[in-house]
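The model shown is predicted, which means the values in this text are computed figures rather than measured ones. Because only heavy atoms are used, hydrogens play no part in the values below, and waters and symmetry mates are left out as well, while side chains stay in.
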Amino acid sequence: MEKLKVKGDFVVIDFVYNDKNHLCDESYEDKYIEIIETTLNYLEIDDDVELSCVIVDDEMIHEINRDYRHIDRSTDVISFALEDNDQFYVDDMPRELGDIFISYDHALLQAKEYGHSIHREMCFLFTHGLLHLLGYDHMNEDDAQEMFALQDEILGKLKIERGVV
């Protein structure tokens, strides 16, 4: 459990990182916590939060996509935002944001396709998923512009750049 100071108060980040099949050559846990901290600060969110990230292969994300989204193909990242549903909120309890699933296989292909490092691609996908958990989307042009600008801003603050291999 990470503690982060935001605007004078301490915010608790309860983050679970799971790469149980050891797909990644490196652990992204510390970098993802840094992305969470930067995002919360940037968006001026001072709530305690809980979320998880699971690294999977293309076969598993295809199965998740098919079973839960009814889309019969693999994809790069899927977010299950708990705040998309009506919930009962309890004062002084953390916001349960949800779960992010990232396909390492997809990330490898996209990193090569876009000409940047796997590290940058994994950080981009996590940031994208995190913004979905926080209620951002790209279903129309205005929302897409806002979400993609936020992604670029957050990654830029962390010096995670495009095109760096």
Side-chain angles (χ1 to χ4, degrees), residues 2 4 13-43 45 49-84 95-141 143-165:
E2 279 292 306
L4 163 68
I13 299 170
D14 186 357
F15 177 61
V16 176
Y17 174 83
N18 182 338
D19 181 16
K20 71 177 182 180
N21 293 324
H22 308 288
L23 297 170
C24 300
D25 292 337
E26 66 176 291
S27 171
Y28 291 93
E29 184 171 13
D30 291 340
K31 185 51 76 173
Y32 287 176
I33 290 169
E34 192 177 355
I35 291 169
I36 297 166
E37 292 171 349
T38 301
T39 302
L40 294 179
N41 277 318
Y42 187 78
L43 297 174
I45 295 171
V49 296
E50 296 179 353
L51 67 149
S52 72
C53 180
V54 182
I55 309 301
V56 297
D57 60 18
D58 257 3
E59 182 179 335
M60 176 57 77
I61 210 158
H62 182 171
E63 185 177 312
I64 293 166
N65 210 17
R66 183 191 64 228
D67 293 351
Y68 294 96
R69 297 182 64 225
H70 309 292
I71 300 171
D72 194 14
R73 63 176 169 77
S74 66
T75 188
D76 52 4
V77 60
I78 297 176
S79 298
F80 291 101
L82 293 178
E83 293 184 340
D84 280 352
R95 286 175 63 181
E96 294 182 28
L97 299 180
D99 307 304
I100 301 168
F101 291 83
I102 297 174
S103 167
Y104 189 69
D105 297 333
H106 237 78
L108 283 169
L109 291 172
Q110 288 177 180
K112 184 175 181 180
E113 179 182 335
Y114 300 135
H116 54 242
S117 69
I118 182 63
H119 180 85
R120 194 272 179 198
E121 187 64 21
M122 291 293 287
C123 290
F124 169 82
L125 293 174
F126 180 79
T127 304
H128 185 88
L130 176 60
L131 288 173
H132 276 304
L133 295 186
L134 291 168
Y136 292 88
D137 214 330
H138 45 85
M139 298 301 283
N140 64 53
E141 188 63 33
D143 289 348
Q145 285 181 342
E146 179 184 18
M147 184 174 179
F148 298 147
L150 275 173
Q151 288 169 178
D152 290 344
E153 187 71 27
I154 291 162
L155 293 170
K157 284 185 174 298
L158 295 168
K159 299 190 180 354
I160 301 170
E161 314 264 325
R162 291 178 189 247
V164 178
V165 179

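- Interatomic distance, OH of Y136 versus CD of Q151, reported as 11.5 Å (0.5 Å rounding).
- When all heavy atoms are compared, the tightest approach of S117 to A111 is O-CB, 3.7 Å.
- In this view, T39 satisfies the side chain to side chain donor-acceptor pair (under 3.5 Å) rule with no residue, not counting sequence neighbours.
- Residues E83 and L97 have side chains in contact (heavy-atom distance under 4.5 Å, counting atoms from C-beta outward).
- To the nearest 0.5 Å, the span separating SG on C53 from CD1 on I102 amounts to 4.0 Å.
- Within a 6.0 Å sphere centred on OH of Y68, heavy atoms belonging to other residues, nucleotides or ligands number 12 at most.
- To the nearest 0.5 Å, the span separating CD on E113 from NE2 on H106 amounts to 9.0 Å.
- Looking only at side-chain heavy atoms (C-beta outward), T127 and I160 stay at 4.5 Å or farther from each other.
- Counting non-hydrogen atoms of other residues, nucleotides and ligands closer than 6.0 Å to CG of D67 gives a total above 12.
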Self-check item: Trace of the side-chain contact (heavy atoms from CB on, under 4.5 Å) decision for D57 with Y104
Solution: CA-CA 6 Å; D57 60 18; Y104 189 69; over 6 Å; no
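- Ring orientation note: the planes of Y32 and F126 are close to parallel, at an angle under 30° on the 30°/60° scale.
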Self-check item: Test log, rule side-chain contact (heavy atoms from CB on, under 4.5 Å), inputs D25 and I118
Solution: CA-CA 10 Å; D25 292 337; I118 182 63; over 6 Å; no
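- Once rounded to the nearest 0.5 Å, the distance linking CG of L150 with CG of L155 reads 10.5 Å.
- What you find for I61 and T75 is that their closest heavy atoms are CG2-O, 3.3 Å.
- A side chain to side chain donor-acceptor pair (under 3.5 Å) with H138 is found for exactly one of E146, Q145, H132, namely H132.
- The backbone N or O of R69 lies less than 3.5 Å from no partner atom in the side chain of N65, so there is not a single donor-acceptor pair.
- In E59, the CD atom is not crowded: 12 or fewer heavy atoms of neighbouring residues, nucleotides or ligands sit closer than 6.0 Å.
- Side-chain atoms of D58 do not come within 3.5 Å of backbone N or O of S74 as any donor-acceptor pair.
- A side-chain donor-acceptor contact under 3.5 Å links Y17 to the backbone of Y28.
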Quiz item: Are L158 and I35 close enough, and set up right, to give a side-chain contact (heavy atoms from CB on, under 4.5 Å), and what steps lead you there?
Solution: CA-CA 8 Å; L158 295 168; I35 291 169; 3.5 Å; yes
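- H116 places none of its side-chain heavy atoms less than 4.5 Å from the side chain of E161.
- Here CD1 of I55 is found 10.5 Å from CD of E29. Values are rounded to the nearest 0.5 Å.
- Taking CD of E121 as the reference point, atom CG of L125 lies at 4.5 Å (rounded to 0.5 Å).
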Exercise. Given side chain to side chain donor-acceptor pair (under 3.5 Å), test D72 with H62 step by step and report yes or no.
Key: CA-CA 7 Å; D72 194 14; H62 182 171; 2.6 Å; yes
Quiz item: Would D152 and R162 satisfy side-chain contact (heavy atoms from CB on, under 4.5 Å), going step by step from the backbone distance to the final call?
Solution: CA-CA 9 Å; D152 290 344; R162 291 178 189 247; 3.4 Å; yes
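- When all heavy atoms are compared, the tightest approach of S79 to I100 is OG-CG1, 4.1 Å.
- Side chain of N21 to backbone of L23: no donor-acceptor contact under 3.5 angstrom is found.
- Here the side chains of L130 and I154 are not in contact, with every heavy-atom distance at 4.5 Å or above.
- The closest side-chain heavy-atom distance from M122 to K31 is not below 4.5 Å.
- A donor-acceptor distance shorter than 3.5 angstrom exists from the side chain of D19 to the backbone of C24, with no hydrogens or angles considered.
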